[in-house]
Every structure is written in structure tokens, then in C-alpha cells.
Amino acid sequence: MNILMVCLGNICRSPLAEGILRSKLNSQEHFVDSAGTSSFHEGERPDPRTLRTAKKKGIDMSAIVARPFKKEDFQKFDRIYAMDKSNLDHILSLTQSEQEKEKVSLLLSLNHPGEQPEVPDPYFGGDEGFEIVFKLLDEACETIAQGLKS
Ligand code: 4NP
């Protein structure tokens, strides 16, 4: 299974989601990546607060570099998870078929079906926002991992 995590900058939420989900899956069987709906931070390493939070939890982020979402991602990935509604709308606006649309959903709706919960953008806050984000992402990634094992 190829899974893509998407946020705005690809330096805070989606790289952390990528690292967390990778840590829960067998890399021989599954490929996990992340991207941003913007190219603001293209080529950059994750935000220092993201790296600090990941390190505290033992999550390896060494190979992650920001890149923008591209239309070819619809071919490469089986599932595309957006962190918030704005990211979701952006990705959906690029879809060209029902099949592409069906791949896209809000990450947190996995644990809250029927709702439209968002991973809050921690960029303009402090380290505590990243802890909250980590917990939300970890719960959702656990649900993905359990689903792929059964
Ligand atoms: P992310 O956070 O989308 O979780 O990576 C942000 C990173 C950068 C900006 C906004 C959100 N920015 O405005 O540059």
C-alpha cells in the first residue's frame, strides 16, 4: 500500500504523520510519503519543533525533505490523507476522476467517521501544539496500521 500524508507546508504535520506511520509499518510492504499543498518550504528539512517532538518519541525523520503535492501523486498513491479541510479542498480541486477522489480523505475522519475533524496547524504556536498534533497523528496512524494488519 502506498500512503501519502498532506498538509500545507510539509514541514510540521504531514512529515510527522509520515514518520509515525513508517514506524508502525513494514517498509517492504508499504510506502509512506508526505507533501505540502504549497511549495513555500520546498527542499527544506522539517521544522525544528517537528524534529524535536519526533526525537522525543523515537521517530526517525532523517530522510524527510519538503516537496509540493503533484498531480502524479494520484497515480502513485492508494490513499491520500489531508490534515485539514483546506488541504482536502485543495487536493480535491486537482482530481480528474471519481477514482482519484475516492483516494482522498481527512486523516482524522478515520477515527471519527461522519465528522470532519482537523489536525490543527501548529506552525504559529509553541512546542505544546506539536505534542497535541503528535497525539492526534499517532492515534490515526495506529488505526491505519491496525487496518493493514487485519
Ligand atoms: P504544516 O505547517 O502545514 O503542518 O507544515 C505549516 C508550515 C508552514 C506554514 C504554515 C503551516 N507557512 O505559512 O509557512
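All residue numbers in this chain count up from 1 along the given sequence. Whatever order the structure lists ligands and atoms in, that order sets their numbers, starting from 1.
For the pair Ile11 and Ala66, the tightest heavy-atom approach, listed with the atom from each and the gap, is CG2-CB, 4.1 Å.
When the ring pair (Phe, Tyr, Trp, His ring centres under 6.0 Å) test is applied to Phe130, no partner is found at least two apart in sequence or on another chain. A search for side chain to side chain contact (heavy atoms under 4.5 Å, CB included) contacts involving Glu142 returns Lys24, Gln146, not counting sequence neighbours.
Using modelled atom types, no side-chain atom of Asp89 and backbone atom of Ser86 make a donor-acceptor pair closer than 3.5 Å.
Geometrically, Arg13 does not engage Tyr123 in a cation-pi contact defined by less than 6.0 Å to the ring centre and at most 45° from the axis.
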Which protein N or O atoms sit under 3.5 Å from any N or O of ligand 1? Give each pair with its distance.
{"residue": "ligand 1", "atom": "2 (O)", "partner": "Asp121", "partner atom": "OD1", "Å": "3.4"}
{"residue": "ligand 1", "atom": "3 (O)", "partner": "Leu8", "partner atom": "N", "Å": "2.9"}
{"residue": "ligand 1", "atom": "3 (O)", "partner": "Gly9", "partner atom": "N", "Å": "2.8"}
{"residue": "ligand 1", "atom": "3 (O)", "partner": "Arg13", "partner atom": "NH2", "Å": "3.0"}
{"residue": "ligand 1", "atom": "4 (O)", "partner": "Arg13", "partner atom": "N", "Å": "2.9"}
{"residue": "ligand 1", "atom": "4 (O)", "partner": "Arg13", "partner atom": "NE", "Å": "2.7"}
{"residue": "ligand 1", "atom": "5 (O)", "partner": "Gly9", "partner atom": "N", "Å": "3.4"}
{"residue": "ligand 1", "atom": "5 (O)", "partner": "Asn10", "partner atom": "N", "Å": "3.2"}
{"residue": "ligand 1", "atom": "5 (O)", "partner": "Ile11", "partner atom": "N", "Å": "3.1"}
{"residue": "ligand 1", "atom": "5 (O)", "partner": "Cys12", "partner atom": "N", "Å": "2.9"}
{"residue": "ligand 1", "atom": "14 (O)", "partner": "His41", "partner atom": "NE2", "Å": "2.9"}

Quiz: residues 109-116 side-chain donor-acceptor pairs under 3.5 angstrom, not counting sequence neighbours:
{"residue": "Ser109", "atom": "OG", "partner": "Leu106", "partner atom": "O", "Å": "2.6"}
{"residue": "Asn111", "atom": "OD1", "partner": "Thr143", "partner atom": "OG1", "Å": "2.5"}
{"residue": "Asn111", "atom": "ND2", "partner": "Glu139", "partner atom": "O", "Å": "3.3"}
{"residue": "Asn111", "atom": "ND2", "partner": "Thr143", "partner atom": "OG1", "Å": "3.4"}

